[in-house]
Amino acid sequence: MTAAVDRTFAVLELLSRYPKGLSVQAVALSLAIVPSATHRLLNDLVRLGYASQSADQGTYALTLRLAATGLSWLGRSGIHDVAQPVLDTLALQSGELVRLSVADGDRLIWVAVAQGAVSGLRYDPAREQGLAASLAYSASGRAWAATLPEEQALALVAQQGLTAPDGAGAGADLTLPQVQDVLAHTRSTGHAEAADCFLAGMAAVAVALQSNGASPGCLSIAGPTARLTPARRAALLPGLRNAAAELMALAPASGLLRGQA
């Protein structure tokens with residue numbers, strides 16, 4: 001039963017990255033599952049309403065049922081009611097993209113966003129919403145990892161892998177000792193920054209949401225490096241810290257911000 005459950009969720013996570021769908025062969029190859037077992041898993045997902053099969057190409061894609069379930073759960077968590085006004089205000093003040101990420105076990109997940117840029121270059125990471133932040137390469141990931149005991153943080157970084165994300169700037173790959181230095185610097189300054197290492201041409205600054213225990217998440221501002229220069233990131237930092245403190249003051253209204261599911 002455990003193997004079947006693991007495979008089912010692996011298929012769901014794979015299909016979530018391919019909105020246009022994948023063939024049985026592509027799923028089988030990606031997950032190293034024999035085609036016959038892959039076909040059965042996909043048909044079970046179709047039967048349960050979590051996937052559909054294209055009549056013309058025969059590819060399998062997720063339906064809205066899984067997304068609706070997730071959105072329903074997020075809505076009941078109170079996260080958007082609590083956080084969105086704060087994110088919207090910070091986005092308006094900064095003129096850049098603002099994102100909230102929350103801790104989910106040993107991962108940091110982007111759950112809410114507000115776009116403050118109204119013209120020119122804009123960072124619009126729709127595909128990243130709901131995904132785990134890179135602990136080595138994203139500003140949010142670095143800010144959160146720096147709040148963990150060092151041994152735990154480095155173990156999670158190694159578990160995620162040290163290869164820079166697709167689309168990162170040339171030469172962005174870090175070694176574990178380099179990540180250790182980045183996290184040490186983040187702890188000393190109380191905030192994290194990233195430029196070109198998560199996505200070429202983009203920069204971000206992030207702070208962890210402070211609490212008595214483990215940090216429940218992070219708040220970040222991101223935008224094009226041409227606009228979000230080191231000087232401008234420093235200028236935006238006080239407003240970012242204030243918004244993070246405001247979110248924590250509102251935390252009792254949301255289990256996620258209290259570090260509870």
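Predicted model only: the values in this text are computed from it and were never measured.
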Kindly indicate, with the supporting measurements, whether the criterion side-chain contact (heavy atoms from CB on, under 4.5 Å) is fulfilled by Val27 and Ile33. CA-CA 8 Å; Val27 174; Ile33 305 174; 5.8 Å; no
Has the side chain of Thr63 got a donor or acceptor atom that lies under 3.5 Å from a matching backbone atom of Gly49? yes
Could you check whether atom CG of Asp56 has more than 12 heavy atoms from other residues, nucleotides or ligands sitting under 6.0 Å from it? yes
Quick test of your reading of the model: are Glu193 and Arg142 salt-bridged, counting only N-O distances below 4.0 Å? no
Hphob cluster co-occupancy, Val179 + Phe198, side-chain heavy atoms under 4.5 angstrom: yes
Looking at Ala37, is its backbone amide N or carbonyl O close enough to the side chain of Arg7 to form a donor-acceptor pair, meaning the two atoms are under 3.5 Å apart? no
Report the C-alpha separation of Thr89 and Gln93 in whole Å, then their side-chain angles, then the decisive distance to 0.1 Å, and conclude whether the side-chain contact (heavy atoms from CB on, under 4.5 Å) test is met. CA-CA 6 Å; Thr89 298; Gln93 293 171 347; 3.6 Å; yes
Just by distance, do the side chain of Asp173 and the backbone of Ala164 share a donor-acceptor pair under 3.5 Å? yes
Heavy atoms only: give me the nearest Arg232-Ser94 pair and the separation to one decimal. NH2-O, 2.5 Å
Taking the side chain as everything from C-beta on, heavy atoms only, tell me whether Glu151 gets closer than 4.5 Å to Leu154. no
Is there side-chain contact between Thr38 and Leu31, with heavy atoms separated by less than 4.5 Å? no
Are Ser220 and Val98 side-chain neighbours, meaning at least one heavy-atom pair lies under 4.5 Å? no
From CD (Gln180) to CG (Leu174), nearest 0.5 Å: 12.5 Å
Donor-acceptor pair, distance only, cut-off 3.5 Å: does the side chain of Trp144 make one with the backbone of Ser215? yes
Closest non-hydrogen atom pair, Tyr137 against Ala194: O-CB, 3.6 Å
Taken to the nearest 0.5 Å, the spacing of Asp106 CG from Gln159 CD works out to 5.5 Å
Measuring only between side-chain heavy atoms, which start at C-beta, is Leu237 closer than 4.5 Å to His191? yes
Side chains of Asn43 and Tyr60: is there a donor and an acceptor less than 3.5 Å apart? yes
Below 4.5 Å, heavy atoms only, C-beta onward: do Leu97 and Val113 meet side chain to side chain? yes
Hey, could you give me the OG/CG distance between Ser138 and Leu108, rounded to the nearest 0.5 Å? 7.0 Å
Test side-chain contact (heavy atoms from CB on, under 4.5 Å) applied to Val11 and Leu15, step by step: CA-CA 6 Å; Val11 170; Leu15 290 180; 4.0 Å; yes
For Gly223 and Glu96, work out which heavy atoms get closest and say how close. CA-OE1, 3.6 Å
Identify the two heavy atoms, one from Ala133 and one from Gln160, that lie closest to each other, and give their separation to 0.1 Å. O-NE2, 3.0 Å
How long is the gap from OG1 on Thr59 to CG on Leu22, to the nearest 0.5 Å? 8.0 Å
Do Leu100 and Leu247 have side chains that get closer than 4.5 Å, going by heavy atoms? yes
Treating Ile, Leu, Val, Met, Phe, Trp and Tyr as nodes and any side-chain heavy-atom pair under 4.5 angstrom as an edge, say whether Leu148 and Val182 lie in one connected cluster. no
List the atom of Ala244, the atom of Leu209, and the distance in Å for their closest heavy-atom pair. CB-CD2, 3.7 Å
State, yes or no, whether a side-chain contact exists between Ser101 and Val111 at a heavy-atom distance under 4.5 Å. no
Distance-only polar pair, side chains of Asp181 and His185, donor-acceptor under 3.5 Å: no
Is there a donor-acceptor pair under 3.5 Å between the side chain of Asp196 and the backbone N or O of Gly201? yes
Transitively linked via ILVMFWY side-chain contacts under 4.5 Å: Val5 with Leu48? yes
Interatomic distance, Asn242 atom CG to Glu246 atom CD [nearest 0.5 angstrom]: 8.5 Å
Applying a strict under-4.5 Å side-chain criterion to I, L, V, M, F, W and Y, I'd like to know whether Leu92 and Val86 cluster together. no
Taking all atoms of both residues into account, what is the closest heavy-atom pair of Val205 and Leu240, and its distance? O-CD2, 3.6 Å
First locate atom OG of Ser140, then atom CG of Leu219, and finally report the distance between them rounded to the nearest 0.5 Å. 8.0 Å
Taking Arg65 for the side chain and Tyr50 for the main chain, is one N or O donor matched with an acceptor at less than 3.5 Å? no
Kindly say whether Ser54 contributes a backbone atom to a donor-acceptor pair with the side chain of Gln57 at under 3.5 angstrom? no
Taking a hydrophobic cluster as the set of Ile, Leu, Val, Met, Phe, Trp and Tyr residues connected by side-chain heavy atoms closer than 4.5 Å, whether directly or through intermediates, do Leu228 and Leu87 fall within one such cluster? yes
Would Leu236 and Leu90 count as a side-chain contact (heavy atoms from CB on, under 4.5 Å) if you check the C-alpha gap in whole Å, the side-chain angles of each, and the deciding distance to 0.1 Å? CA-CA 10 Å; Leu236 291 173; Leu90 183 60; over 6 Å; no
For a 4.5 angstrom cut-off between non-hydrogen side-chain atoms, does Leu45 reach Thr8? yes
